[in-house]
Amino acid sequence: MHTFPRKEKLKSKKVFEDLFMDGKNISEFPIKLIYRNTNFKDGVPIKVGVVAPKKKFRHAVDRNRIKRLLREAYRLNKALIFNNIEGNFAFLFLYLGKRQPTFDELDIAMKQLLAAFLKKESHESNN
């Protein structure tokens, strides 16, 4: 289950734009999750994208490291949500911090963020 295959990566430019236009968001410093209920034709329940800001991290190596750490934190914790949601979602993880994070910081924030997402979604689906 600890995999992050190609088909789970968010690549559609249209879905990215839709996420920014009318996606819901949850923050757990230093990560912000923007998500939206969508339908994918390939049957994947969740597609994920990661973003590190160019404005705060000028060098590509720094941005790439942050994105690698975010993907790894998601990969290790995605079992928390995969088994507990109904519907299809597009996720976008944004890094909000001003300095290079450690993996432990991102891992803890990712767990809290996914738990908050589950709580919020289960609450909304009950209404």
Side-chain angles (χ1 to χ4, degrees):
M1 184 65 194
H2 290 302
T3 60
F4 189 39
R6 187 181 198 124
K7 64 183 180 183
E8 288 180 18
K9 290 179 172 63
L10 185 61
K11 296 177 185 165
S12 166
K13 190 173 181 180
K14 184 181 183 327
V15 176
F16 263 98
E17 289 170 0
D18 291 348
L19 274 169
F20 281 111
M21 294 298 274
D22 42 75
K24 300 172 189 165
N25 61 51
I26 305 171
S27 286
E28 191 60 58
F29 194 80
I31 308 171
K32 179 180 186 177
L33 168 64
I34 301 174
Y35 67 96
R36 185 168 191 266
N37 210 331
T38 53
N39 284 322
F40 300 116
K41 292 172 177 57
D42 56 6
V44 178
I46 299 172
K47 290 201 179 206
V48 176
V50 292
V51 177
K54 193 172 188 177
K55 199 171 193 174
K56 292 178 188 167
F57 300 96
R58 289 279 181 223
H59 301 286
V61 289
D62 296 334
R63 291 192 304 275
N64 291 341
R65 176 167 171 72
I66 291 167
K67 292 188 289 187
R68 239 186 353 264
L69 291 173
L70 280 171
R71 279 192 292 267
E72 182 66 3
Y74 169 74
R75 183 185 73 83
L76 293 174
N77 295 306
K78 74 177 187 177
L80 297 171
I81 52 170
F82 252 74
N83 306 325
N84 300 319
I85 61 160
E86 290 102 41
N88 295 345
F89 289 92
F91 281 6
L92 187 62
F93 292 105
L94 292 162
Y95 181 71
L96 302 173
K98 288 180 170 54
R99 60 175 183 76
Q100 275 288 345
T102 65
F103 176 73
D104 292 334
E105 291 170 342
L106 290 182
D107 193 45
I108 291 166
M110 183 67 71
K111 285 177 183 160
Q112 293 170 337
L113 196 58
L114 294 177
F117 166 76
L118 277 176
K119 188 175 178 185
K120 189 172 179 180
E121 270 310 300
S122 65
H123 181 71
E124 286 178 9
S125 64
N126 290 341
N127 290 340

If you look at every heavy atom in V15 and A90, which pair is closest and at what distance? CG1-CB, 3.7 Å
Taking all heavy atoms of D42 and all of K7, pick out the closest pair and write down the distance. OD2-O, 4.1 Å
Is the side chain of D62 donor-acceptor paired with the backbone N or O of R58 at a distance under 3.5 Å, no angle test? no
In Å and rounded to the nearest 0.5 Å, what is the CG to CD1 distance from L114 to I81? 5.0 Å
Any carboxylate oxygen within less than 4.0 angstrom of a Lys/Arg side-chain nitrogen, looking at R75 and E72? yes
Is the positively charged end of K47 above the ring of F89, judged by distance under 6.0 angstrom from the centroid and angle within 45° of the axis? no
Can the positive tip of K13 be found less than 6.0 Å from the middle of the six-membered ring of F16, inside 45° of the ring normal? no
Out of curiosity, does I34 fall in the hydrophobic cluster containing I85 (side-chain heavy atoms, cut-off under 4.5 Å, transitive links)? no
For the atom pair OG (S27) and CG (L94), what is the distance rounded to the nearest 0.5 Å? 8.5 Å
Linked, directly or transitively: I31 and F29 (ILVMFWY side chains, under 4.5 Å): no
Between I46 and E8, does the side-chain contact (heavy atoms from CB on, under 4.5 Å) criterion hold? Intermediate values first, please. CA-CA 6 Å; I46 299 172; E8 288 180 18; over 6 Å; no
For atom NZ of K54, decide whether the heavy atoms of other residues, nucleotides or ligands shown that lie under 6.0 angstrom number more than 12. no
I want to check something: taking the side chain as every heavy atom from C-beta on, are L113 and F93 in contact at a cut-off of under 4.5 Å? yes
Joint hydrophobic cluster, L96 plus L70, side-chain heavy atoms closer than 4.5 Å: no
Does atom CZ of R65 have more than 12 heavy-atom neighbours, drawn from other residues, nucleotides or ligands, at distances under 6.0 Å? no
Once you round to the nearest 0.5 Å, how far does CE of M21 lie from NZ of K14? 10.5 Å
Could you give the distance from NZ (K120) to CD1 (I26), rounded to the nearest 0.5 Å? 5.0 Å
Indicate, with yes or no, if Y35 and L92 share a hydrophobic cluster defined by side-chain heavy-atom contacts under 4.5 Å among Ile, Leu, Val, Met, Phe, Trp and Tyr. no
Got a list of side-chain donor-acceptor pairs under 3.5 Å for residues 101-110, not counting sequence neighbours?
unit_1	atom_1	unit_2	atom_2	d
T102	OG1	E105	N	3.3
E105	OE1	T102	N	3.1
E105	OE2	R99	NH2	2.6
D107	OD1	N77	ND2	2.8
D107	OD2	K111	NZ	3.4

NZ (K11) with more than 12 external heavy atoms under 6.0 Å: yes
Do other residues, nucleotides or ligands put more than 12 heavy atoms under 6.0 Å from the NZ atom of K119? no
Does the structure place the NZ or CZ of K67 under 6.0 Å from the centre of the six-membered ring of Y95, at an angle of no more than 45° from the ring's axis? no
Closest heavy-atom pair, F4 versus R71, reported as atoms and distance to 0.1 Å, is CE2-CD, 3.6 Å
Please say yes or no: joined through hydrophobic side-chain contacts below 4.5 Å, possibly via intermediate residues, are F91 and L69 part of one cluster? yes
Mind checking the CG-CZ spacing from L10 to F40? Nearest 0.5 Å is all I need. 6.0 Å
CD1-NZ distance between I66 and K56, expressed to the nearest 0.5 angstrom: 9.5 Å
